[in-house]
Trainee: 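I'd like to ask you about the structure that follows.
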Amino acid sequence: MTDKPIDFRSDTVTKPNKAMRQFMLTANVGDDVFGDDPTVNELQRIGAEMFGMEAGLYCSSGTQTNQIAINVHTQPGDEVICHEEAHIYRYEGGGIAKNSGASVRFIRGNQGRINPDEIVDNINPDDQHYPVTALVSIEDTANRGGGLCYDFEDIKRISHICKDNNLAFHLDGARVFNALEVNGISPLEYGRQFDSISICLSKGLGAPVGSLLLGTKDFITKAHRVRKAFGGGMRQAGIIAAGGIYALQNNVARLRIDHENAKRVETILASKNWVKEVLPVQTNIVVAILADGIKEGDVVTQLHEKGILCVGFGKGRVRFTTHLDVSAEDIDHLAASLPGDL
Ligand SMILES: *Cc1c(COP(=O)(O)O)cnc(C)c1O
């Protein structure tokens, strides 16, 4: 085993580098619950401006930004339309039911993404039997879809459908900058399609903590209230928010490198006898479907012994994620150390 394993488990494992830490160290701070933290305010302003939104709210996690958005957009008993493998449903501790008392309508979709036509078919009629359809939420990039991006035309169509049917449209944009790097859409044009956007600063962008929720002034005022009730009000949060500012200013353009590295991981994995198939790679996530009879847990353990960390991703699947703490040399090392057979 090498001294320091190469960590492909998630793009959340990045650590702030010296320059980011220096920037954080010198941040001006205040009590953010009073609205007094200049660095938090600056981060919220920068994020909102980038996407052409009126206002932003800095929160402790992407789960929190998503759950606050759902809470503001719905009433108890309302229905949220999302992909059946959406993070908001699968990986947020049952928060939709627990925090908001809302129900969920699943869309099967295509590798984590929803087809606009499927939404139309799943909006409930105005009839007392049915829950009120209130919100559509999509993920771009789609985590369970192996980091695939939406076609922007589909997003525009979903946005139209939501407007026509008086539904709110939320983006779980944990990796939205990865999507924008690939499809070349400007954040401003993209932002116009949504009522609310959640962005993770602590994934590929490399900040240690936090996510941003963006929307109209009215939406963010309500979101403030919900964040407080969820126990998410923070005090001198400028220390960590500074990491977010640094990340937005320095680590967006370089996502291209993560995507190139992921393409190389795809090629390497595809050449192994223990891999049946690699899902199409567009961004920084690589999902390998293992050959028949090979267990994901065994692959994770065996690669760990060789200094390579990855995660199981459901039955017979493993996931590799590239990020700013994985270099081109690390990919060379991966190529050299992965066995052809297991
Ligand atoms: C990581 C992630 C989130 C937010 O996760 P936190 O760990 O709560 O920050 C939300 N949606 C998707 C698709 C994610 O991958």
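Each ligand, and each atom within it, is numbered from 1 in the order the structure gives. Scope of the values below: all heavy atoms of this structure, side chains included, with no hydrogens, waters or symmetry mates.
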Trainee: Can you tell me which residue among D258, D330, D332 is in a salt bridge (Lys or Arg N to Asp or Glu O under 4.0 Å) with R264?
Mentor: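 So the option named by the test is D332.
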Trainee: Can you pull out the closest protein heavy atom to atom 4 (C) of ligand 1? Residue, atom name and distance to 0.1 Å, please.
Mentor: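 Looking at atom 4 (C) of ligand 1, the protein heavy atom closest to it is G62 CA, 3.5 Å.
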Trainee: How does I88 reach ligand 1, if at all, at less than 4.0 Å between non-hydrogen atoms: by side chain, backbone, both, or neither?
Mentor: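 For I88, no heavy atom sits under 4.0 Å from ligand 1.
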Trainee: Tell me whether atom 8 (O) of ligand 1 lies less than 4.0 Å from at least one protein heavy-atom position.
Mentor: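 It does; a protein heavy atom is within 4.0 Å.
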Trainee: Quick check: H73 with F219 (ring centres under 6.0 Å apart)?
Mentor: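 Centroid separation for F219 and H73: below 6.0 Å.
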Trainee: Can you name the side-chain hydrogen bond (donor to acceptor under 3.5 Å, both in side chains) partners of R113, sequence neighbours left out?
Mentor: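 R113 satisfies side-chain hydrogen bond (donor to acceptor under 3.5 Å, both in side chains) with no residue once adjacent residues are dropped.
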Trainee: S61 heavy atoms, cut-off 4.0 Å: which ligand 1 atoms fall inside?
Mentor: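 This gives 8 (O), 9 (O) as the contact atoms.
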Trainee: Quick one: which ligand 1 atoms are inside 4.0 Å of a heavy atom on E139?
Mentor: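 Checking each atom against E139, I get 13 (C).
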Trainee: Please identify each residue that fulfils side-chain hydrogen bond (donor to acceptor under 3.5 Å, both in side chains) with E266, with sequence neighbours left out.
Mentor: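 Residues passing side-chain hydrogen bond (donor to acceptor under 3.5 Å, both in side chains) with E266: K263.
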Trainee: Nearest protein heavy atom to atom 11 (N) of ligand 1, by residue and atom, and its distance?
Mentor: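 For atom 11 (N) of ligand 1, the nearest protein heavy atom is D172 OD2, 2.6 Å.
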Trainee: Short N/O distance, under 3.5 Å, between E92 and ligand 1?
Mentor: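 N/O-N/O distance below 3.5 Å does not exist for this pair.
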Trainee: Would you mind telling me which of Y150, F169, F51 makes a ring-ring contact (aromatic ring centres under 6.0 Å, His included) with F194?
Mentor: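 With F194 as partner, Y150, F169, F51 yield a single ring-ring contact (aromatic ring centres under 6.0 Å, His included), made by F169.
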Trainee: Any N or O on C200 sitting closer than 3.5 Å to an N or O of ligand 1?
Mentor: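 Not met; the criterion fails.
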Trainee: State the NZ-CG distance between K272 and D341, to the nearest 0.5 angstrom.
Mentor: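 CG of D341 is found 9.0 Å from NZ of K272.
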Trainee: Decide, yes or no, whether a salt bridge links D325 with K4 under the criterion of side-chain N to carboxylate O below 4.0 Å.
Mentor: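 Answer for the salt bridge query: no.
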Trainee: If you measure every N or O of R175 against every N or O of ligand 1, does any of those distances drop under 3.5 Å?
Mentor: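 Yes.
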Trainee: Please determine if K203 has a nitrogen or oxygen closer than 3.5 Å to a nitrogen or oxygen of ligand 1.
Mentor: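 Min N/O separation from ligand 1 is below 3.5 Å for K203.
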